[in-house]
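Keep in mind that the numbers below use all heavy atoms, side chains included, and drop hydrogens, waters and symmetry copies. Lettering of chains follows the sequences in order, A, B, ..., and the numbering in each one begins at 1.
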Protein chains: 2
Amino acid sequence: MRDAVPVFDRLLEIADLFQRDMARAFDGTALTPARTHLLWVLHHGGPSTQHALADALEVTPRNVTGLVDALETSGFLTREPHPTDRRATLVTLTVQGERAMTAMTAEREQLAADLVAGFADAEVAALRDGLDRVAARLRELIAADADRRASAERRPA
Amino acid sequence: MRDAVPVFDRLLEIADLFQRDMARAFDGTALTPARTHLLWVLHHGGPSTQHALADALEVTPRNVTGLVDALETSGFLTREPHPTDRRATLVTLTVQGERAMTAMTAEREQLAADLVAGFADAEVAALRDGLDRVAARLRELIAADADRRASAERRPA
DNA sequence: TATTGTTATACTCTATAACTATA
DNA sequence: TATAGTTATAGAGTATAACAATA
């Protein structure tokens with residue numbers, strides 16, 4: 001297990017680099033990470049209510065109001081009345097919003113290819129396998145931790 | 001290159017999981033990611049001026065003022081006059097701050113070991129190698145991108 | 001003149017709580 | 001009574017600009 005900590009450190013470094021890279025990519029546009037995430041969900045899930053978006057983004061409905069406000073103002077999406085539920089709003093990507101997400105998909109694929117340029121196919125497959133296992137393990141650990149916290153909360157009450 | 005996008009997606013997912021895990025770990029403490037990062041830099045670099053911290057964190061001096069304010073209030077560090085430069089402040093970890101960083105180091109090593117539990121040594125080494133190469137590539141791409149932007153800025157001026 | 005840290009101001013992301021309009 | 005979205009309020013993280021004290 002001599003290499004466990006270096007693997008961990010590299011993963012943290014890559015996470016940090018991704019974050020910085022994305023933040024930089026938004027410079028000069030009206031987009032930010034949170035707003036882009038919302039557009040991405042909309043692009044893949046189609047027109048949605050704000051409540052559905054809040055669930056998908058794991059964020060409060062109030063938060064979605066703010067994000068949708070900003071994206072509506074900058075022309076990436078529109079709010080339309082829900083056809084059957086007059087309480088609800090249907091959020092829909094505009095042409096500009098769709099174009100932005102299409103461009104982002106292309107950039108994403110380009111970056112993915114660039115990251116493993118120079119790898120043999122078998123090396124990429126091995127890396128994929130290793131990452132799949134690490135991600136699964138991490139999900140498990142987080143779930144176990146959440147359980148532990150939940151029962152610790154139930155105890156003192 | 002069939003696996004390039006899945007590798008990319010896994011890396012993004014792991015980055016996201018790390019972020020959520022850390023945010024959760026701070027619940028109930030006075031610590032947050034940004035404040036913890038500052039303590040970590042202090043733990044590894046020893047007593048520093050706020051300016052040095054701003055450089056290390058790649059953040060504005062004004063931002064450091066706020067982080068140090070909060071950490072001073074919660075007892076993780078102290079501000080002391082710089083021995084030779086009366087403009088500057090020396091920020092130093094308290095015993096509580098050192099203890100928090102020691103605990104964090106142990107948790108980090110535990111998590112790193114857990115992530116690759118069940119991997120053969122050679123598999124961990126291969127994963128480490130793959131991640132090293134991906135991280136190096138990502139750093140290159142970001143640097144190239146920064147260069148491109150810098151010259152694009154010089155042009156229209 | 002340049003540097004260190006601060007006050008002033010502002011924007012983004014996030015949260016909770018209270019409220020309105022509808023189901 | 002419950003749900004969808006909003007207003008009100010607050011705190012964290014970040015930034016720029018102007019300014020004081022010191023180098």
Side-chain angles (χ1 to χ4, degrees), chain A residues 16 19-42 47-74 76-92, chain B residues 16 19-42 47-74 76-92:
Chain A
D16 187 59
Q19 227 179 312
R20 289 175 184 277
D21 183 44
M22 287 180 189
R24 207 157 285 175
F26 299 132
D27 278 2
T29 74
L31 293 177
T32 59
R35 291 173 193 172
T36 305
H37 190 184
L38 192 151
L39 293 183
W40 190 254
V41 166
L42 220 42
S48 314
T49 64
Q50 295 190 187
H51 208 88
L53 290 172
D55 285 345
L57 299 172
E58 296 186 66
V59 114
T60 62
R62 176 60 185 92
N63 199 339
V64 170
T65 298
L67 298 173
V68 169
D69 281 351
L71 289 165
E72 192 177 28
T73 300
S74 45
F76 289 98
L77 53 77
T78 57
R79 271 192 252 237
E80 287 169 35
H82 191 284
T84 65
D85 187 340
R86 284 196 299 170
R87 292 171 305 178
T89 306
L90 259 194
V91 180
T92 306
Chain B
D16 187 57
Q19 230 179 308
R20 289 176 184 277
D21 183 45
M22 287 182 190
R24 205 157 288 175
F26 298 132
D27 277 2
T29 72
L31 292 178
T32 59
R35 292 173 192 170
T36 305
H37 190 183
L38 192 151
L39 293 183
W40 189 254
V41 166
L42 220 42
S48 314
T49 65
Q50 295 189 187
H51 208 89
L53 290 172
D55 286 345
L57 299 172
E58 296 185 65
V59 114
T60 61
R62 177 59 185 92
N63 199 338
V64 171
T65 299
L67 298 173
V68 169
D69 281 352
L71 289 165
E72 192 178 27
T73 300
S74 44
F76 288 97
L77 52 76
T78 56
R79 272 193 251 237
E80 287 168 34
H82 191 284
T84 66
D85 186 340
R86 285 195 299 171
R87 292 171 305 180
T89 306
L90 259 193
V91 180
T92 306

Checking contacts here: which listed nucleotide ([options]) is nearest the side-chain heavy atoms of [X]?
X: B/Arg35; options: C/dT16, D/dA12, D/dA17; value: D/dA12
X: A/Arg79; options: D/dT6, C/dT6, C/dT4; value: D/dT6
X: B/Val59; options: C/dG5, D/dG5, D/dT14; value: D/dT14
X: A/Pro33; options: C/dA8, C/dC13, D/dT6; value: C/dC13
X: A/Thr32; options: C/dC13, D/dA4, D/dG5; value: C/dC13
X: A/Thr65; options: D/dA4, C/dA2, D/dT6; value: D/dT6
X: A/Asp85; options: C/dA23, C/dA15, D/dG5; value: C/dA23
X: A/Arg87; options: D/dG13, D/dA23, D/dT3; value: D/dT3

### Task
Please determine if a side-chain N or O atom of A/Asn63 lies less than 4.0 Å away from the OP1 or OP2 oxygen of C/dT14.
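Yes, A/Asn63 has a side-chain N/O under 4.0 Å of OP1/OP2 on C/dT14.
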### Message
Please tell me if A/Arg86 has a side-chain N or O lying less than 4.0 Å from either OP1 or OP2 of C/dA23.
### Response
yes
Separation of atom [atom1] in [X] from atom [atom2] in [N], rounded to whole Å:
X: A/Glu72; N: D/dT6; atom1: CD; atom2: P; result: 9 Å
X: B/His51; N: C/dT3; atom1: NE2; atom2: C1'; result: 7 Å
X: A/Asp69; N: C/dC13; atom1: CG; atom2: C1'; result: 14 Å
X: B/His82; N: D/dT22; atom1: NE2; atom2: P; result: 15 Å
X: B/Gln50; N: D/dA21; atom1: CD; atom2: P; result: 17 Å
X: A/Phe26; N: C/dC11; atom1: CZ; atom2: C1'; result: 16 Å
X: A/Glu58; N: C/dT14; atom1: CD; atom2: C1'; result: 14 Å
X: A/Leu90; N: D/dA4; atom1: CG; atom2: C1'; result: 12 Å

### Heavy-atom closest pair, residues A/Leu67 and A/Ala34
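Closest approach of A/Leu67 to A/Ala34: CD2-CB, 4.0 Å.
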### Task
Walk me through it: do B/Leu53 and B/Ser48 pass the test side-chain contact (heavy atoms from CB on, under 4.5 Å)?
CA-CA 7 Å; B/Leu53 290 172; B/Ser48 314; 4.1 Å; yes
### Passing candidate, side-chain contact (heavy atoms from CB on, under 4.5 Å) with B/Val68, options B/Leu42, B/Thr73, B/Leu77
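Of all the options given, the one that passes is B/Leu77.
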### Query
Reckon B/Thr60 touches a base, only the sugar-phosphate, or nothing at all at heavy-atom distances under 4.0 Å?
base
### Task
Report the residue (B/Ala70 or B/Arg62) whose heavy-atom-nearest nucleotide on DNA chain D is the more 5′ of the two.
B/Ala70
### Query
Would you find a donor on one side and an acceptor on the other, under 3.5 Å apart, between the side chain of A/Arg35 and the backbone of A/Ala30?
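Checked: pair present.
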#### Entry: CZ (A/Arg79) with more than 12 external heavy atoms under 6.0 Å
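For A/Arg79, atom CZ is crowded (more than 12 foreign heavy atoms under 6.0 Å).
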